[in-house]
Amino acid sequence: MVEIQLDGQKVEVLEGSTVMHAAEKAGTYIPHFCYHKKLSIAANCRMCLVDVEKAPKPMPACATPVTQGMIVHTKSDKAIKAQKGVMEFLLINHPLDCPICDQGGECQLQDLAVGYGSSGSRYEEEKRVVFHKDVGPLISMEEMSRCIHCTRCVRFGQEVAGVMELGMSHRGEHAEIETFVGMSVDSELSGNMIDICPVGALTSKPFRYSARTWELSRRKSVSPHDSTGANLIVQVKNNRVMRVVPLENEDVNECWLADRDRFSYEALNSDERLTTPMLKQGGQWKAVDWQTALEYVANGLKQIKADHGADSVGTLASPHSTLEELFLAASLMRGLGSDNIDYRLRNAEFAPSSSVRWLGTSIASLSNLQRVLVVGSNLRKDHPLFAQRIRQSVRKGCALSAITSVAELASVDAWAMPVANAVLAEPGAWAQALADVAAAIAADKGVPAPAAGQATDVAKAVAKSLQGGERKAILLGNAAAHHANAASLLALANWIGEQTGATVGYLTEAANTVGAQLAGAFPAGNGLDAGQMLAGKLKAVILLNNEPEFDSAAGASAKAALNSAHMVVTLSPFKANMDFSDVLLPIAPFTETPGTFVNAEGRVQSFHAVVKPFGEARPAWKVLRVLANLLGLPGFDFESAQDVLRQISGAEGAMVPAQQLGNATQAAVQLTAAGAAPVVASIYQLDSLVRRATSLQLTADARQAAALEGVAA
């Protein structure tokens, strides 16, 4: 430790720390623009100049390492004069258009100019003008004359997103931030550049000119998309969601958001919102009141159960639904005498499990791995925030190995990080590839291999990597979870983990994949799984918050199967499944209902509604409760979502109890080539919200996915 004196206060910091780090520890604010705690030091704005005794001139706090006995003054006349001088230079070319700037009210430059700027400028020359740039549907670079060249956005792309999409060209007054040869900004984390820009140079294109920051109410929530469980601040005006920004949580999403977490709110105000219950009569949709719709559903379920038995009724539930909704959906089915409930819509295999499938380690630990093997994941697109954490590990020296399909690693920038060892194989050969790695480990350790395998050169390289280091993980991606040979992949991964000391886990697909397991939203005993239900084996189907055509492995064939049912009930925030549904019940999305998500690491995160339900929409947990009451089922006397949560074992604390989590499997290893390739949703087709977010559908990722679907069709 090194001890320095900062404004008369003694501060101890680690050797190698900077004056800025010491100031942060002491609770002393030093003005700055280019410094950001998650980015490398650039020291190019000079706003953080401080007075260091025995130094000939003011020194930048962000780039000045501490030395034993150093004496620093951050508020001396020398420091203040230097900081005011820097501010004067920064404002020479700034357009001073605060009244029309989206950043107004939350602008770092605006705030610091109050304390360090003057009321007038000594410079009378014309200000420079920087030509606007179109870099895509998410980020606006219309007012780049505001840019102060802090290069935060450039460093973010290089160091966090893993793709250098912005850079600084030219020098002096001609310097400007721009993309390469007219390219767009396409990173799945690009919206974070808006947050870290200290001025109004980079702003949100969907939010542009729609509200002033002081008009917005700020409310906490949790992302309903991938399994990170990113913490959000949802900003609201007149009962309408206007913007979503990150809520910092170092253990979960740090201070970042994926673009789908940030911009999917557009769907909440979509014209496709379902505003009232609807019944199909004579092939025509008719709006009805809630009482009529729910009585129709209850009477239909009773009649179908009487005519065909309880086993003819089933529910397909989305893992993007809340814990409370999933629990009540499962309870309703079992109250009717049916065990046909499943959240695993995209799975091809439905092996029973005695434990909850989860990440196998903490999310925060992904930033400090030394060895990692990823199986069956398009990591960067499936789990953008997990990918950036693993990217941090790789930057620190972690060796990343991958078993994946050729298509996913076709691009040099596929994962935006170096892959040390890549086993490129079609999905049907992934089990064999893992068996080969296991064979190499078995040969090294002199133990029997779990399955017949060949220790190829690349298998030996992966095996050697996993046997080195201390902090290591084997992570099974969405494609591995949905795989027709998923149990064998897990069994082999578990054996390798045991032999190498690596944790084993699933990245898990959706916001509540872990929660769905805790809620019991899967069949037990003789209940039908999602694959069987989507093959047309039901007479009555309840679809909770999903569109089987897009959200299931059955794809387009699901429509024909569901058309054969006597009654299909869709609970959705949107006008969905209208071709084959008989009843549409408008339910509230995550912003309009209280609820709980359990993320990949088993973290239980509850949230409140941030706006009132749209139109006649109602929280799904209330709809299911009332439906159960109309069916005369006992045990549904819940007054709040919190009451429902208390009924779910192990889901009230901050984390799910460790004894409930696990990735055990008793399946025998099968190395035969599996059938069709696993179904994995592209980044902006994951759920009904992102599919209806206009700006996300205009991105390069969405256009590319649409083009590939067109070719496949």
*Is there a side chain to side chain contact (heavy atoms under 4.5 Å, CB included) between Ser204 and Ile139 once you walk through the steps?*
CA-CA 5 Å; Ser204 169; Ile139 298 178; over 6 Å; no
*Evaluate the side chain to side chain contact (heavy atoms under 4.5 Å, CB included) criterion for residues Thr67 and Ile4: first the C-alpha distance (whole Å), next the side-chain angles of each, then the deciding distance (0.1 Å), finally the verdict.*
CA-CA 7 Å; Thr67 58; Ile4 72 168; over 6 Å; no
_Walk me through whether Glu3 and Met70 qualify under side chain to side chain contact (heavy atoms under 4.5 Å, CB included)._
CA-CA 8 Å; Glu3 183 179 274; Met70 175 185 280; over 6 Å; no
*asked:* As a quick check of understanding, evaluate salt bridge (charged side-chain N to carboxylate O under 4.0 Å, His left out) for Arg389 and Glu250, giving each step before the final call.
replied: CA-CA 11 Å; Arg389 281 193 180 270; Glu250 197 63 27; 5.6 Å; no
*Step by step, would you call Glu15 with Met1 a side chain to side chain contact (heavy atoms under 4.5 Å, CB included)?*
CA-CA 5 Å; Glu15 188 174 354; Met1 299 292 285; over 6 Å; no
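Considering only heavy atoms from C-beta on, Leu373 comes within 4.5 Å of Ser401 through its side chain. Contact check for Asp51 versus Val72: no side-chain heavy atoms found under the 4.5 Å cut-off. For the pair Thr508 and Val514, the minimum side-chain heavy-atom distance is below 4.5 Å. You'll find the side chain of Thr179 reaches within 4.5 Å of the side chain of Val185, heavy atoms only. When side chains are defined from C-beta on, Pro31 counts as touching Tyr116, because their heavy atoms get closer than 4.5 Å. Taking the side chain as every heavy atom from C-beta outward, Leu475 and Leu366 approach each other to under 4.5 Å. Looking at Met141 and Leu202, their side chains come closer than 4.5 Å, going by heavy atoms from C-beta outward. Within the 4.5 Å cutoff, no side-chain heavy atoms of Asn93 are placed close to those of Ser145.
Outside the 6.0 Å centre-distance limit, the rings of Phe590 and Phe597 are not counted as a close aromatic pair.
Defined by atom type and a distance below 3.5 Å, a donor-acceptor pair is missing between the side-chain atoms of Thr203 and Asp102. A donor-acceptor contact closer than 3.5 angstrom links the side chains of Glu159 and Ser40. No donor-acceptor contact under 3.5 angstrom links the side chains of Asn599 and Ser227, judged on distance only. Using modelled atom types, one finds a donor on one side chain and an acceptor on the other under 3.5 Å when comparing Glu178 with Ser169. Remark: the Thr699 side chain and the Asp701 side chain contain no N/O donor-acceptor pair separated by less than 3.5 Å. Judged purely by distance below 3.5 Å, without hydrogens or angles, the side chains of Gln605 and Asn231 pair a donor atom with an acceptor atom. Using modelled atom types, one finds no donor on one side chain facing an acceptor on the other under 3.5 Å when comparing Ser362 with Asp251. No side-chain N or O of Gln103 forms a donor-acceptor pair with one of Glu143 less than 3.5 Å apart. Between the side chains of His383 and Thr228, no donor-acceptor pair of N or O atoms lies under 3.5 Å. Side-chain contact of Glu254 with Gln388: a donor-acceptor pair under 3.5 Å is present, judged by distance alone. Side chains of Thr213 and Arg218: a donor-acceptor N/O pair is present below 3.5 angstrom, by distance only.
Minimum heavy-atom separation, Ser210 to Lys237: O-NZ, 4.4 Å. The minimum heavy-atom distance linking Leu189 with Ala161 is given by the pair CD1-CA, 4.1 Å. Residue Ser377 comes nearest to Leu507 through the heavy atom pair OG-CD1, 3.7 Å, listed as atom of the first residue, atom of the second, then distance. Pairing each heavy atom of Asp261 with each of Ser223, the nearest pair is OD1-OG, 2.6 Å. Listed here is the closest heavy atom pair of Ala510 and Thr513: N-OG1, 2.9 Å.
Counting heavy-atom neighbours within 6.0 Å of Lys81 NZ, excluding the residue itself, gives a total of 12 or less. By the 6.0 Å contact criterion, NZ on Lys464 is open, its count of non-hydrogen atoms from other residues, nucleotides or ligands being 12 or less. Counted within 6.0 Å of NZ on Lys220, heavy atoms from surrounding residues, nucleotides or ligands total 12 or fewer; the atom is thus considered open.
In this structure, Arg122 pairs ionically with Glu88, as a charged nitrogen and a carboxylate oxygen lie closer than 4.0 Å. Ion pairing between a basic and an acidic side chain is recognised when a charged N comes within 4.0 Å of a carboxylate O; Glu176 and Lys133 show such pairing. Comment: Arg128 does not engage Glu173 in a salt bridge, judged by the lack of any side-chain N to carboxylate O separation of less than 4.0 angstrom.
The backbone N or O of Asp186 sits nowhere less than 3.5 Å from a side-chain atom of Ser184 that would complete a donor-acceptor pair. Between the Lys472 side chain and the Gly468 main chain, a donor and an acceptor come within less than 3.5 Å of each other. For Arg155 (side chain) and Cys150 (main-chain N/O), a donor-acceptor pair under 3.5 Å exists by modelled atom type. In this structure a side-chain-to-backbone donor-acceptor pair under 3.5 Å is present from Arg391 to Ala416.
Using the six-membered ring where Trp is involved, His32 and Tyr35 have ring planes that are perpendicular, over 60° apart on the 30 and 60° scheme.
Every residue two or more places apart in sequence or in another chain that forms a side-chain contact (heavy atoms from CB on, under 4.5 Å) with Thr503 is listed here: Thr361, Ala473.
Screening residues 49-88 for ring-ring contact (aromatic ring centres under 6.0 Å, His included), with sequence neighbours left out, gives no hits. Sorted by first then second residue, the ring-ring contact (aromatic ring centres under 6.0 Å, His included) pairs that include residues 242-265, not counting sequence neighbours, are His36-Trp256, Phe156-Trp256.
Trp415 pairs with exactly one of Val374, Val394, Ile390 by the side chain to side chain contact (heavy atoms under 4.5 Å, CB included) rule, that one being Val374.
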